[in-house]
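The following block contains the structure, expressed as structure tokens.
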Amino acid sequence: MLGKMAASVAEHGEDAFRTVFRFYKRRNPPPDFSQVIDFSKTVENERVFATELDHGSLSEEDACRAGLRPVKDWRAFSLQGYPGFIFISNPFLLGSQQYWVKQCLKTYPQKPNVCNLDMHMSPTETENIWEKSIDGIRKKGKREPRSLLEKLRWVTLGYHYNWDTKTYSADHYSPFPVDLHSLSQKVAAACGFPGFKAEAGILNYYRSDSSLGIHVDESELDHTWPLLSFSFGQTAVFLLGGTKRQDPPTAMFMRSGDIMVMSGSSRLLYHAVPCIIPAPASDPLPPCLGQHLGKEAGSDGLIKDVSEVEWEVCSKYLLTSRVNMTVRQVLGLGQTFPTALPRLGAVAESSGYHEESGQNAKKRKSESGYEEDS
Ligand SMILES: O=C(O)CCC(=O)C(=O)O
Ligand SMILES: [Fe+2]
């Protein structure tokens with residue numbers, strides 16, 4: 001397969017990342033996924049290493065309160081050639097993923113958070129997206145118009161990412177959700193980053209035909225803190241490339257409950273999501289999502305049980321969707337946003353932006369959040 005891809009690079013003058021992206025984006029015939037790393041099955045091989053996390057960073061009780069298994073039981077991996085990249089294969093306790101899915105669909109799209117629908121709809125129209133969508137989703141028939149929830153593509157939290165200027169600013173901010181901050185802080189601490197502050201979040205909502213173009217997340221002013229990524233629902237192929245946009249990527253499945261940490265020299269690597277993989281008819285939802293929360297996690301913890309009615313809507317939505325939350329610390333210790341805009345050249349230097357930010361800045365449209373790379 002790699003040979004064929006190399007030939008395609010030569011034929012079309014296309015770079016290696018784009019060739020691999022298009023390979024996995026293809027629908028008919030479906031691509032061969034045999035080269036995609038599957039951390040849910042992999043123990044260790046020449047590309048994948050089990051990695052020890054900091055067991056002492058998080059007590060079993062605190063992990064449980066956030067819906068996580070004890071850190072000693074997490075299956076965490078690193079990848080040959082990608083120092084600072086950590087893949088944690090679904091560390092969530094049975095039942096707790098439902099809570100985060102419900103937050104992404106019902107709570108986080110609420111005002112004052114910002115979403116793609118705000119770009120062309122009035123604030124009253126984009127209020128109560130959940131309430132306006134649930135009837136449509138529950139009685140979903142082929143001719144039903146798409147609900148607002150099904151049109152949702154992204155939500156921003158905390159410092160709201162500006163897709164046009166590719167910046168965050170002090171004056172476009174709303175309080176970061178306490179529950180997601182706590183989850184992020186715990187995961188970051190286990191990965192060796194105690195004191196992580198969740199300051200900005202981008203939630204991406206993928207339908208079965210969605211993809212996310214090749215980009216690097218460099219708008220945060222401090223890159224010494226990791227970028228955390230949480231996935232729920234349908235499985236995606238994630239491509240992790242290099243420091244140059246053209247560098248050939250490594251493909252891996254990202255399944256429901258999986259967490260990815262990009263830190264150190266992997267913090268500024270190009271990456272993309274070329275496709276969402278259709279679920280087998282026999283198992284339309286990953287089994288780990290079907291469980292209700294046990295009493296012990298829900299009672300005093302951060303996360304609460306999801307009602308049957310709420311889960312009916314969430315699970316219907318997830319039959320054809322994937323939700324991803326990325327959490328970022330924007331500012332370093334004691335750092336503030338620059339008060340006046342410096343000259344363009346000075347921005348690139350002073351904030352340590354990636355050298356290719358000029359031509360190859362994150363390619364996404366403010367309305368859709370997605371860039372089709374075809
Ligand atoms: O959906 C994903 O796994 C990736 C999302 C992402 O790269 C981003 O939000 O910057
Ligand atoms: Fe990203």
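First listed ligand is number 1; within each ligand, the first listed atom is number 1.
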Checklist line | Proximal ligand 1 atoms for Arg322, defined as those under 4.0 Å from one of its heavy atoms | finding: 1 (O), 2 (C), 3 (O)
Next item on the list: May I ask you to check if ligand 1 and Asn204 share an N or O to N or O distance below 3.5 Å?
Entry: yes
Note to self: Show the atoms of ligand 1 that are less than 4.0 angstrom away from any heavy atom in Tyr206.
What the structure shows: 1 (O), 2 (C), 4 (C), 5 (C)
Next item on the list: May I ask you to check whether Phe39 and Phe253 place their ring centers less than 6.0 Å from one another?
Entry: no
Check: Mind checking whether Arg328 has a heavy atom under 4.0 Å from ligand 1?
Finding: yes
Checklist line | For Val273, the ligand 1 atoms whose distance to one of its heavy atoms is below 4.0 Å | finding: 1 (O), 2 (C), 3 (O), 4 (C)
Notebook entry, point to check: In terms of atom number and element, which parts of ligand 1 are under 4.0 angstrom from non-hydrogen atoms of Asp217?
Noted result: 10 (O)
Next item on the list: Find all atoms of ligand 1 within a distance of less than 4.0 Å from any non-hydrogen atom belonging to His271, and give their numbers and elements.
Entry: 7 (O)
Next item on the list: Using the six-membered ring wherever Trp is involved, compare the ring planes of Phe87 and Phe85 and label them parallel, tilted or perpendicular (cut-offs 30° and 60°).
Entry: tilted
Note to self: Does any part of the side chain of Asn90, heavy atoms only, come nearer than 4.5 Å to the side chain of Cys288, both counted from C-beta?
What the structure shows: yes
Check: Got a sec, which residues hit side-chain hydrogen bond (donor to acceptor under 3.5 Å, both in side chains) with Gln329, two or more places apart in sequence or on another chain?
Finding: none
Check: Hey, which N, O or S atom on His215 ends up closest to the Fe ion (ligand 2)?
Finding: NE2
Notebook entry, point to check: For ligand 1, which atoms sit closer than 4.0 Å to a heavy atom of Leu212?
Noted result: 4 (C), 5 (C), 6 (C), 7 (O)
Margin query: Against Asp217, only a single residue in His223, Arg267, Arg328 fulfils side-chain hydrogen bond (donor to acceptor under 3.5 Å, both in side chains); can you say which?
Written below: Arg328
Next item on the list: Look at atom 5 (C) of ligand 1 and find which of Asn324, Val327, Leu227 reaches it with the closest heavy atom.
Entry: Asn324
Throw together a table of side-chain donor-acceptor distances under 3.5 angstrom for residues 193-201, partners on residues two or more places apart or in other chains.
residue, atom, partner, partner atom, Å
Glu199, OE1, Val330, N, 2.7
Glu199, OE1, Leu331, N, 2.9

Notebook entry, point to check: Angle subtended at the Fe ion (ligand 2) by OD2 of Asp217 and NE2 of His271, to 10 degrees?
Noted result: 90°
Note to self: Taking the six-membered ring of Tyr206 as reference, does the cationic atom of Arg322 (NZ for Lys, CZ for Arg) lie under 6.0 Å from its centre and within 45° of its axis?
What the structure shows: yes
Margin query: Counting neighbours of CD on Glu131 that are heavy atoms of other residues, nucleotides or ligands and sit closer than 6.0 Å, is the number greater than 12?
Written below: yes
Next item on the list: State if Met260 counts as touching ligand 1 under the rule of any non-hydrogen atom under 4.0 Å.
Entry: no
